[in-house]
Amino acid sequence: MSENPKKEKFKKLLNYIQDNFPLHPRPFQVLSKKFKLSEKEIIDYLKQLKEKNIIRHFGATINSHKLKYTTCLCATSIPENKIDIAYKIAELPEITHAYLREHKLNFWFTIISKSEEDLLNIIQSLEKTYSLKIKAFPATKKFKVKAVFEL
Amino acid sequence: MLDLTEKEKKVLKILINGLPICERPYYKIAQNLDLSEEEVLNIIKSLIEKKIIRRLGITLRHNLAGIEGNAMVAWKVPEEKVEEVGNALASLPFVSHCYLRKTYEDWPYNLYTMLHAKNKEELFKLIQNISEKFKLFEYEVLFTKKEIVRKHAQYLL
């Protein structure tokens, strides 16, 4: 079963530009040479994926620690009939990630803050507001951070 | 707060929000910031060198990219094996994140991995393989039921 050759090219392109978007005045032209697609084809394709929301973000991913921010993974149990609490918490500006997971600890989220003290304050205020018991899981070592996927 | 120039801050803010998809995205940014295209490119290069920018490119919504079996798995790894296992798991292509984290008396799991597979069945095979290969028999699978939010933080630059 042979795949459509154009589809293959686009797939390779997507794999490549998750990590290596060219720093060049005409980045899509650079890509067009590398992947044997036209500049316009690439731009149209990426715009389409952006519209369909398959591309979540196109830009820079930041090392928050270098900007002196601290992040912390937290988890709590929210009863199913009160699950809207998870959505309320997820809306806060300090929350960067929020997931419902299949577990007794069913709500996992990441808080970003300017200091250890701010972090504790945020956790305490959430516990008080929503009558929750929150567990904080700060990272002590990072072996890998890579939201890049081989398609 | 940080040793960033005003220009670097401005460029960084735009890059966090996103690059425009057009023939000359850096030129477009430059125009908006009243800088030259060359300046913008040099600033981005320096932010990458300083490791403030971890990655420049696209981020795919993986559940739309045909990956539907996603879970965080928290493993209990003996202290003396943490380095070895952490590095080994980090090298696996289907592991996107691998962190060591604080434990509690009622939560002894110290090594966290984000695992991604085509579907739930594949995912559980991967977990089984890791468990057997590294002799990690105490772990919690936290299957992703729903992603409510995943956003880029609003940094006060």
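Just so it is clear, the model here is predicted, and its values are computed rather than measured. Note on naming: letters A, B, ... go to the chains in the order of the sequence lines (proteins, then strands), and numbering restarts at 1 for each one.
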If you count heavy-atom pairs under 4.5 Å with chain A, which of T113(B), I14(B), V82(B), L89(B) comes out on top? V82(B)
When you measure from the side chain of E127(A) to the backbone of I134(A), do you find a donor-acceptor pair of N or O atoms at a distance under 3.5 Å? yes
Find the distance between CD1 (I43(B)) and CD1 (I48(B)) and round it off to the nearest 0.5 Å. 12.5 Å
Go through the atoms of K45(B) and report whether side chain, backbone, both or neither lie under 4.5 Å from a heavy atom of chain A. both
Given Y87(A), Y16(A), F107(A), F28(A), the one with more heavy-atom pairs under 4.5 angstrom with chain B than any other is Y87(A)
Name the region of N42(B), side chain, backbone, both or neither, that has any atom closer than 4.5 Å to a heavy atom of chain A. neither
Are L35(B) and V11(B) side-chain neighbours, meaning at least one heavy-atom pair lies under 4.5 Å? yes
Assess the residue pair F21(A) and L19(B) against the criterion (side chain to side chain contact (heavy atoms under 4.5 Å, CB included)); give the C-alpha distance rounded to whole Å, side-chain angles, the decisive distance to 0.1 Å, and a yes or no. CA-CA 11 Å; F21(A) 191 70; L19(B) 279 165; 3.9 Å; yes
Structural part of A75(A) lying under 4.5 Å from a heavy atom of chain B: neither
Top residue by heavy-atom pair count (under 4.5 Å) with chain B, among I95(A), N20(A), L73(A)? L73(A)
Top residue by heavy-atom pair count (under 4.5 Å) with chain B, among T71(A), L105(A), N106(A), I42(A)? L105(A)
Whatever's closer than 4.5 Å to a heavy atom in chain A on L47(B) counts as neither
Determine the sole option in E122(B), K120(B), E121(B) for which the side-chain contact (heavy atoms from CB on, under 4.5 Å) test with F124(B) is passed. K120(B)
Residue by residue, which of residues 129-144 of chain B have a heavy atom closer than 4.5 Å to a heavy atom belonging to chain A? E140(B), V141(B), L142(B), F143(B), T144(B)
Could you tell me if the side chain of K142(A) sits less than 4.5 Å from the side chain of H97(B), heavy atoms only? no
Measuring heavy-atom distances to chain B, does L49(A) have an atom under 4.5 Å in its side chain, in its backbone, in both, or in neither? neither
What part of F109(A) lies closer than 4.5 angstrom to a heavy atom of chain B: side chain, backbone, both or neither? neither
Does Y99(B) have its ring centroid less than 6.0 Å away from the ring centroid of F137(A)? no
Please determine if K114(A) forms a cation-pi arrangement with Y69(A), meaning its NZ or CZ atom is less than 6.0 Å from the six-membered ring centre and no more than 45° off the ring axis. yes
With a 4.5 angstrom heavy-atom cut-off, is it the side chain or the backbone of L92(B) that approaches chain A, or both, or neither? backbone
CG (N17(B)) and CG (L12(B)) are apart, to the nearest 0.5 Å, by 10.0 Å
Please classify the contact of E23(B) with chain A as side chain, backbone, both or neither, using a heavy-atom distance under 4.5 Å. both
So, the part of L111(B) with a heavy atom under 4.5 Å from chain A: the answer is side chain
Tell me, for I89(A) versus chain B, whether the close heavy atoms (under 4.5 Å) come from the side chain, the backbone, both or neither. neither
Minimum side-chain heavy-atom gap E83(B)-F143(A) below 4.5 Å: yes
Bottom line for E91(A): the part with an atom under 4.5 Å from chain B's heavy atoms is backbone
Separation between NZ (K9(B)) and CG (L67(A)), nearest 0.5 Å, reads 10.0 Å
Most heavy-atom pairs under 4.5 Å with chain B, out of E39(A), K135(A), Q29(A), belong to K135(A)
Counting heavy atoms not belonging to E116(A), are there more than 12 under 6.0 Å from its CD? no
Looking at E41(A) and K9(A), is there a salt bridge between them, counting it only when a charged N and a carboxylate O are closer than 4.0 Å? no
Any side-chain heavy-atom pair from L14(A) and F35(A) closer than 4.5 angstrom? no
Chain A contact via E38(B) - which portion, at a heavy-atom distance below 4.5 Å: neither
Contacting moiety of M72(B), where chain A heavy atoms sit under 4.5 Å: both
Atom NZ of K81(B) and atom CG of N110(B): how far apart are they, to the nearest 0.5 Å? 11.5 Å
Is the terminal nitrogen or CZ of K88(A) (NZ for Lys, CZ for Arg) located under 6.0 angstrom from the six-membered ring centre of Y130(A) and within 45° of that ring's axis? no
For the candidates H24(A), K47(A), K50(A), K141(A), which exhibits the highest count of non-hydrogen atom pairs separated by less than 4.5 Å from chain B? K141(A)
Hey, which of W107(B), Y112(B), Y27(B) has the most heavy atom pairs under 4.5 Å with chain A? W107(B)
